[in-house]
Amino acid sequence: MKKIIVFFLVFTNCAITLSSSESDNSTTTTSLELTKCEILELEYTNLSNKLFNTSFELNIFIDDISPGNVDEDRTYFFENLDKNWNYQEIYLNYLEVRFEVYSKINALYANNTECAVSGDQEISLEQVDSAKNDLEEFKKKYNN
């Protein structure tokens with residue numbers, strides 16, 4: 001995940017350069033056109049950030065359950081998922097975003113094979129299916 005964040009920061013700082021210059025009270029803005037593969041990387045980064053933020057929110061929620069350590073809170077969270085509607089809502093949101101992001105990333109790379117993809121960016125169809133199954137099982141169990 002750190003690699004993704006670093007990549008995002010470097011990419012956003014380097015990929016699009018806007019420059020403004022003032023002369024004679026006029027402003028000119030110039031932007032560089034991104035290649036198809038650069039746009040793909042940007043879309044991937046945005047999707048990854050969406051999943052990262054949702055995961056982070058879930059982890060913060062779980063950590064805030066008690067002053068105990070995260071592992072204890074995580075155990076408590078999942079043990080009480082059946083009884084707590086709020087926990088179910090938070091976890092359902094995470095599962096929905098995970099499935100959506102995995103599906104979109106898989107489609108991005110499947111539909112843009114001409115762009116070189118780093119192995120850690122690919123989301124396999126098996127991962128998409130697993131995310132879908134987790135979501136469907138959760139909905140079935142909790143009637144959502």
Side-chain angles (χ1 to χ4, degrees), residues 1-22 27-144:
M1 222 19 116
K2 289 180 185 176
K3 195 167 33 169
I4 291 170
I5 293 171
V6 170
F7 172 79
F8 175 72
L9 292 173
V10 170
F11 185 77
T12 56
N13 287 328
C14 297
I16 301 173
T17 305
L18 296 176
S19 62
S20 297
S21 63
E22 288 194 18
T27 302
T28 305
T29 303
T30 307
S31 63
L32 298 174
E33 297 251 347
L34 297 176
T35 67
K36 181 178 180 178
C37 292
E38 289 170 333
I39 292 169
L40 175 79
E41 286 292 326
L42 189 56
E43 288 179 43
Y44 166 80
T45 301
N46 289 334
L47 287 167
S48 294
N49 285 338
K50 183 176 182 178
L51 181 58
F52 175 78
N53 290 336
T54 303
S55 299
F56 187 73
E57 290 168 6
L58 174 63
N59 286 324
I60 292 295
F61 180 87
I62 290 172
D63 189 37
D64 288 346
I65 289 174
S66 77
N69 70 43
V70 170
D71 291 332
E72 291 171 2
D73 290 344
R74 184 171 296 284
T75 300
Y76 181 83
F77 176 84
F78 285 105
E79 285 176 352
N80 289 285
L81 199 56
D82 289 342
K83 301 178 251 180
N84 192 312
W85 292 85
N86 196 28
Y87 290 9
Q88 291 174 24
E89 184 179 320
I90 295 290
Y91 196 60
L92 174 62
N93 180 60
Y94 165 75
L95 292 173
E96 288 172 336
V97 169
R98 180 176 152 233
F99 173 58
E100 173 195 356
V101 168
Y102 279 15
S103 298
K104 288 181 177 179
I105 289 174
N106 178 270
L108 269 179
Y109 289 117
N111 296 328
N112 295 286
T113 56
E114 68 278 6
C115 296
V117 177
S118 163
D120 65 338
Q121 294 179 348
E122 293 181 57
I123 298 291
S124 69
L125 194 52
E126 291 80 21
Q127 289 171 290
V128 173
D129 290 341
S130 177
K132 180 180 180 182
N133 289 338
D134 291 346
L135 177 59
E136 287 175 349
E137 286 176 23
F138 183 88
K139 285 181 172 183
K140 188 176 183 181
K141 183 174 183 177
Y142 297 107
N143 296 319
N144 289 319

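Residue L135 holds its CG atom at 11.0 Å from OG of S130, rounded to the nearest 0.5 Å. To the nearest 0.5 angstrom, F138 atom CZ is 12.5 Å from Y94 atom OH. Interatomic distance, E96 CD to K139 NZ, rounded to the nearest 0.5 Å: 5.0 Å. With values rounded to the nearest 0.5 angstrom, E43 atom CD is found 9.5 Å from Y109 atom OH. The distance from the CG atom of N133 to the CG atom of L95 is 11.5 Å, given to the nearest 0.5 Å. Here the CD1 atom belonging to I39 is positioned 8.0 Å from the CG atom belonging to L42, to the nearest 0.5 angstrom.
Applying the 6.0 Å contact sphere to CZ of F56 captures no more than 12 heavy atoms from other residues, nucleotides or ligands.
For the ring-ring contact (aromatic ring centres under 6.0 Å, His included) test, residues two or more places apart in sequence or in another chain that qualify with F61 are Y87. The side chain to side chain donor-acceptor pair (under 3.5 Å) search around D134 returns R98, not counting sequence neighbours. Remark: S124 engages E126, Q127 in a side chain to side chain donor-acceptor pair (under 3.5 Å) (not counting sequence neighbours). With sequence neighbours excluded, the residues that form a side chain to side chain donor-acceptor pair (under 3.5 Å) with D73 are S66. Listed by chain and number, the residues in a side chain to side chain donor-acceptor pair (under 3.5 Å) with N86 amount to none (sequence neighbours excluded). Contacts of F99 classified as ring-ring contact (aromatic ring centres under 6.0 Å, His included), with partners at least two apart in sequence or in another chain: none.
Taking the side chain as every heavy atom from C-beta outward, I105 and L51 never approach each other to under 4.5 Å. Looking at heavy atoms from C-beta onward, Y44 lies out of side-chain contact with I123 at the 4.5 angstrom threshold. Counting heavy atoms from C-beta outward, F77 and N84 have side chains that stay 4.5 Å or more apart. Between D64 and I60, some side-chain heavy-atom pair lies under the 4.5 Å cut-off.
Contact between E38 and T35 at its shortest, heavy atoms only, is OE1-N, 2.8 Å. Residues D82 and Q88 come closest through the heavy atom pair O-NE2, 3.3 Å. The two residues C115 and L40 make their nearest non-hydrogen contact at CB-CD2, 3.6 Å.
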Evaluation steps, side-chain contact (heavy atoms from CB on, under 4.5 Å), between L81 and Y91: CA-CA 9 Å; L81 199 56; Y91 196 60; 4.2 Å; yes
Stepwise salt bridge (charged side-chain N to carboxylate O under 4.0 Å, His left out) test for K140 and E136: CA-CA 6 Å; K140 188 176 183 181; E136 287 175 349; over 6 Å; no
Worked verdict on L47 versus L108 for side-chain contact (heavy atoms from CB on, under 4.5 Å): CA-CA 10 Å; L47 287 167; L108 269 179; 3.8 Å; yes
side-chain contact (heavy atoms from CB on, under 4.5 Å) assessment of L58 paired with T54: CA-CA 6 Å; L58 174 63; T54 303; 5.8 Å; no
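E137 and K141 are not joined by a salt bridge, as no carboxylate oxygen comes within less than 4.0 angstrom of a charged side-chain nitrogen.
Judged by distance alone, the side chain of N69 and the main-chain N or O of E72 form a donor-acceptor pair under 3.5 Å. Side chain of N53 to main chain of N49: a donor-acceptor pair is present (N/O by atom type, distance under 3.5 Å, no hydrogens or angles). Looking at N59, its side chain does come within 3.5 Å of a backbone N or O of S55 through a donor-acceptor pair.
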